[in-house]
Number of protein chains: 2
Amino acid sequence: MKPKLTLKQIARELDVSVSTVSKALRDSIEISEETRQKVKAFAKLYNYKPNNIALSLKNRKTRTIGIVLPEIVHDFFATVISGVEQVANEKGYNVIICLSNNSFDREVMNMEMLANGSTDGFILSIAKETQQKKDYHHLEEVINQGMPLVLFDRVVDEIKCDKVIIDDTAGAKKAVQHLIDIGCKRIGIITTVDYISVGKLRTQGYLEALEANGMSPDEDLILKIEDMQGSEKEIAEFLKTRDLDGIFAVNEQFSTSAIRGLLNKGLKVPDDVSVIGFSDGELAHRFIPSLSTINQHGAEIGARAARLLIERLERSVDAEESYQTQIVETSLIERESTRHK
Amino acid sequence: MKPKLTLKQIARELDVSVSTVSKALRDSIEISEETRQKVKAFAKLYNYKPNNIALSLKNRKTRTIGIVLPEIVHDFFATVISGVEQVANEKGYNVIICLSNNSFDREVMNMEMLANGSTDGFILSIAKETQQKKDYHHLEEVINQGMPLVLFDRVVDEIKCDKVIIDDTAGAKKAVQHLIDIGCKRIGIITTVDYISVGKLRTQGYLEALEANGMSPDEDLILKIEDMQGSEKEIAEFLKTRDLDGIFAVNEQFSTSAIRGLLNKGLKVPDDVSVIGFSDGELAHRFIPSLSTINQHGAEIGARAARLLIERLERSVDAEESYQTQIVETSLIERESTRHK
């Protein structure tokens with residue numbers, strides 16, 4: 001019983017990256033001729049079989065949908081899964097979930113594994129590291145081989161496929177407009193670094209809302225966080241020296257850290273400072289004060305992604321139809337963390 | 001391209017349960033001869049192929065571990081996954097996750113799908129409905145067919161396999177002993193109905209702690225919850241009419257609902273009532289007041305389960321070794337929701 005050789009093992013043996021192996025096996029011109037030959041020779045020697053996706057498609061349908069997610073600690077992804085599962089189960093499909101843990105290599109390996117006869121198509125939100133690298137060859141590959149892909153939440157323009165997104169900019173604008181409507185004058189934002197597409201879009205919504213109301217943005221009130229770990233401390237430090245009456249935080253975690261920072265400073269929420277978040281999970285509704293937030297409708301996103309994927313699976317594979325991008329509208333949820341007019 | 005017939009479709013066509021179809025195809029004597037013949041004839045007519053697990057094992061290893069979970073909204077399961085992933089990735093295994101959503105049928109179907117060439121073995125926490133039905137034939141089946149299974153958290157004595165559990169009773173006893181140590185005299189418990197094995201064990205720990213300290217249990221201070229939905233209201237009602245100075249809640253959700261109920265009643269936590277939870281997720285450490293709790297060490301549970309599974313996969317399949325039950329010790333985390341001595 002000889003274990004199957006994996007991309008990772010080849011990469012380790014030849015001391016190159018998983019991405020290089022994956023590209024070399026597909027004869028990508030991004031990889032030097034020498035490396036390509038080396039990888040292919042090694043793969044042949046050990047009888048490595050790349051995905052015979054076309055073959056597997058001809059022979060059988062798995063009636064299984066593969067979801068690849070960056071993480072599942074966030075309730076948002078859990079609600080997306082529930083939406084996918086509901087539609088998939090109604091239509092007689094199973095659902096398999098894999099986590100990339102925001103790693104490019106794991107995303108590539110997960111897709112390789114799932115494409116290898118375990119699923120008919122993919123629903124995917126792109127890993128942080130993949131967005132940083134801008135290397136999407138593994139996504140192009142499954143599409144080229146006839147396996148449909150639906151991207152959601154963290155999507156990229158470079159990949160042509162069905163997409164389900166929320167209007168992050170409009171959602172963020174809604175949140176900040178709400179703070180302005182209840183009378184906030186000095187509004188800060190706690191967001192992520194710009195290469196996280198949703199963070200960038202939400203920062204843009206914040207800036208647009210200020211501008212639309214004739215308020216000029218102040219760089220000093222913008223905190224961009226790179227890493228969740230240590231974010232609580234970073235937020236507390238940021239708040240210590242700023243005099244704010246409103247805060248927009250781009251996720252539940254940042255919102256709750258902000259509230260704790262404000263309380264530690266002796267301020268009251270929402271009496272002294274109103275705080276609004278983004279995404280409506282268990283933390284948002286259970287927290288005291290419960291969080292005003294922008295609902296991303298994760299279950300709806302998941303349901304639409306599943307419908308798009310299944311429609312494409314059940315049509316003829318060769319149908320030349322243009323891809324859709326569906327936008328799920330966000331909505332404002334007023335709770336206890338923002339002042340009431 | 002003819003879609004593969006699923007267990008569920010056969011069940012629907014013949015108007016029997018998924019479990020009946022699954023058992024009939026294996027010639028289980030629990031199913032009447034007539035039904036067995038009917039199911040087998042139908043399956044044959046439509047060319048249904050049950051898992052050829054033995055065959056698939058002989059032909060290849062997938063180097064993939066399948067995790068089947070009741071739900072993922074709970075951070076506990078997310079931490080278990082992270083523990084499994086870490087060990088699996090170190091040892092060159094991929095991880096696939098499926099959710100039963102606490103449904104017996106989905107658990108059976110997920111295992112059928114994964115056993116059908118997608119994984120080498122299973123790590124599983126049993127669905128609520130399966131525990132209610134006490135029908136474990138799908139678990140016995142994969143074991144009999146040579147696919148190792150490791151159960152964790154929600155385990156049952158009936159299935160002989162490797163298990164990783166925490167000592168729920170001892171953990172609960174630790175929590176209640178802590179309340180007693182800081183001077184609580186009237187201690188209530190918010191727990192689940194008894195057929196959820198962990199709920200039952202934690203209730204037992206509560207009773208044992210009271211007894212060990214010469215305090216007699218009062219039925220009126222025990223709240224057993226059937227369904228998460230509506231639990232917040234149920235807990236608020238319960239607290240309204242009880243005069244307590246300590247509460248042990250068997251999960252984070254119940255703890256936070258209890259704190260909200262107490263605050264609404266005009267009481268202070270921990271000054272008037274100390275609250276201690278069980279399981280240490282994001283909600284516990286972000287909540288204000290942050291929750292004192294019992295840490296279940298989910299990542300350690302996942303890591304041990306992965307190690308047990310991989311060891312069994314990499315030994316000879318025929319090795320006649322006795323199964324292990326590993327117990328991961330819980331620990332007390334003191335935070336803001338319990339008084340300090």
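Every heavy atom of this structure was used, including side-chain atoms; hydrogens, water molecules and symmetry mates were not. Reminder, nothing fancy here: chain letters follow the sequence lines and each chain counts from 1.
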Nearest 0.5 angstrom please: [X] [atom1] to [Y] [atom2], how far?
| X | Y | atom1 | atom2 | answer |
| --- | --- | --- | --- | --- |
| A/Ile67 | B/Ile97 | CD1 | CD1 | 10.0 Å |
| B/Asn94 | A/Met109 | CG | CE | 7.0 Å |
| B/Leu283 | A/Phe287 | CG | CZ | 9.5 Å |
| B/Ile259 | A/Arg286 | CD1 | CZ | 11.0 Å |

(request) Please assess B/Ser118 against A/Met113 for the test side-chain contact (heavy atoms from CB on, under 4.5 Å), listing each intermediate value before the final yes or no. (result) CA-CA 9 Å; B/Ser118 292; A/Met113 166 187 62; over 6 Å; no
Counting heavy atoms not belonging to [X], are there more than 12 under 6.0 Å from its [atom1]?
| X | atom1 | result |
| --- | --- | --- |
| A/Glu336 | CD | yes |
| A/Lys233 | NZ | no |
| A/Asp15 | CG | no |

What I'd like to find out is whether the side chain of [X] reaches to under 4.5 Å of the side chain of [Y], using heavy atoms alone.
| X | Y | value |
| --- | --- | --- |
| A/Asn110 | B/Ile96 | no |
| A/Ile288 | B/Ile288 | no |
| A/Leu99 | B/Val95 | no |

(request) Heavy atoms only, distances under 4.5 angstrom: which of A/Arg12, A/Glu282, A/Gln253, A/Glu232 has the most pairs with chain B? Name it, please. (result) A/Gln253
(message) Determine whether A/Ser290 and B/Arg260 satisfy the following criterion, side-chain contact (heavy atoms from CB on, under 4.5 Å), listing intermediate values before the conclusion.
(response) CA-CA 10 Å; A/Ser290 59; B/Arg260 185 170 277 274; 3.8 Å; yes
Chain A contact via [X] - which portion, at a heavy-atom distance below 4.5 Å:
| X | value |
| --- | --- |
| B/Glu71 | neither |
| B/Glu252 | neither |
| B/Ser257 | both |

(request) Look only at the side chain of B/Arg106 and the backbone of A/Asn89, and say whether a donor-acceptor pair between them is shorter than 3.5 Å. (result) no
